[in-house]
Amino acid sequence: MTVTLADVAARAQVSPATVSRVLNGNYPVAASTRERVLRAVDDLDYVLNGPASALAAATSDLVGILVNDIADPFFGIMAGAIQSEIGGPGGRAGGERLAVVCNTGGSPERELTYLTLLQRQRAAAVVLTGGAVEDTAHATAVATKLRKLVAAGTRVVLCGRPPAPADTDAVALTFDNRGGGQQLTEHLIALGHRRMGYIAGPEERTTTRHRLEGHRAALAAHGVADDPAWTVHGRYDRRSGYEATLELLRREPGLTAVVAANDTVALGACAALRDSGLRIPDDVSVVGFDDLPFSIDAVPALTTVRLPLAEAGARAGRIAMGREEAPPGGIATIRGELMVRGSTGAPKEA
């Protein structure tokens, strides 16, 4: 059953005219009233009719790109590559489409809000980048939003994100984070390392869990002890890497290697080691993940796993625009490449 403006008004206990004013933003409305109307809109999953030009077509010229943090090169590279591919036939402005980058800041609520807004605007396509939140209720809510987007004619592509339920019909280009994490730790084990600290990302992110699972799989395969005290969780940023490394050294001063959740975290780890009077890799080896542009210019250059972020983003953009076929079954796994550089070496006792 289609939800109407009158239904929202009844739920919010206001007039239909007040609902219209809140949604159009063209008339001052009390903050409490606005909040009540927006809550009713979310509760009823009301979809506002878009501009007249969008109403005349199944979809508009809008393409939404959801990122966790646009300032993070991991997301910036993918978003830029996606945008480079979204032009072409079908738009009403010289074949171009309008890309809107939606910065969620890692907030599950904001992610759902952006999906609702893109649904209201009848977006031609939506691309969600990066890992998902490990929360059953949120995953269910996202899947519901994706189904409604696809049902309305929007192409949905997940780039660097685990697949959504099959009935959403969302295409997934997923990164092999487990495999990459395993490669990095196996490289360190081959060099002779046995006391390795691990700086993980936020516990609620799928990327965090998958990379940590790869690390632990390598330890188990080679009979290396996995001491829970040698794993510290934090944000995917430099400061987190710095603080976590100091904490790891406090817990185990004899660590010979630090495995970082990503390259940015690894830079923080390197800074903490230097400030502690330790040399890289003579005293402690360091590895990152992603192979972001600055990784090769670090001193020493960072051993990491290269994810083809630009290539994956461009492919997601082409699929979103219908210029490339979706992979078989709607899912493709993209594997990383181990890049061995100067930040890793054999431990002193090896």
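If you read the sequence from its start, that first residue is 1, and numbering goes on from there.
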Short side-chain to backbone donor-acceptor contact, R194 and I189, under 3.5 Å: yes
Side-chain donor or acceptor of H210 paired with backbone N/O of G179 under 3.5 Å: no
Any pair counted as ring-ring contact (aromatic ring centres under 6.0 Å, His included), so long as it reaches residues 221-276, sequence neighbours left out: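 Checked against ring-ring contact (aromatic ring centres under 6.0 Å, His included) - neighbours excluded - no pair reaches residues 221-276.
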Separation between CG of N103 and CG of D72, rounded to the nearest 0.5 Å: 10.0 Å
Nearest-0.5 Å distance, CZ of residue R306 to CD of residue E337: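 Here the rounded value is 7.0 Å.
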Positive for side-chain hydrogen bond (donor to acceptor under 3.5 Å, both in side chains) with K348, one of D282, T256, D283: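 Result for side-chain hydrogen bond (donor to acceptor under 3.5 Å, both in side chains) with K348: D283.
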Residue among T304, T303, D291 satisfying side-chain hydrogen bond (donor to acceptor under 3.5 Å, both in side chains) with R341: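 Output: one option passes, namely D291.
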Step-by-step salt bridge (charged side-chain N to carboxylate O under 4.0 Å, His left out) determination, E247 to R250: CA-CA 5 Å; E247 176 62 21; R250 186 191 66 79; 2.6 Å; yes
Step-by-step side chain to side chain donor-acceptor pair (under 3.5 Å) determination, T344 to H187: CA-CA 9 Å; T344 52; H187 167 65; 3.1 Å; yes
State, to 0.1 Å, how close [X] and [Y] come at their nearest heavy-atom pair, and which atoms those are.
X: L44; Y: V3; result: O-CG2, 3.4 Å
X: I280; Y: P300; result: O-CG, 3.6 Å
X: L307; Y: R211; result: CD1-NH2, 3.7 Å
X: S60; Y: A123; result: OG-CA, 3.9 Å
X: R335; Y: P308; result: O-CD, 4.2 Å
X: Q83; Y: I65; result: N-CD1, 4.3 Å

Pair K145-T116, side chain to side chain donor-acceptor pair (under 3.5 Å): steps then yes or no: CA-CA 7 Å; K145 295 289 186 186; T116 299; 2.6 Å; yes
Beyond-backbone contact of R315 with E324, side-chain heavy atoms, under 4.5 angstrom: yes
Heavy-atom neighbours of R251 CZ exceed 12 at 6.0 Å: yes
Within 6.0 Å of CD in Q13, more than 12 heavy atoms from elsewhere: no
Members besides L118 in its Ile/Leu/Val/Met/Phe/Trp/Tyr cluster (side-chain heavy atoms under 4.5 Å):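 Noted: L118 shares its cluster with L62, L66, L98, V100, L112, Y114, L115, L117, V126, L128, V142, L146, L149, V150, V156, L158.
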Which residues share a ring-ring contact (aromatic ring centres under 6.0 Å, His included) with Y198, sequence neighbours left out: H215
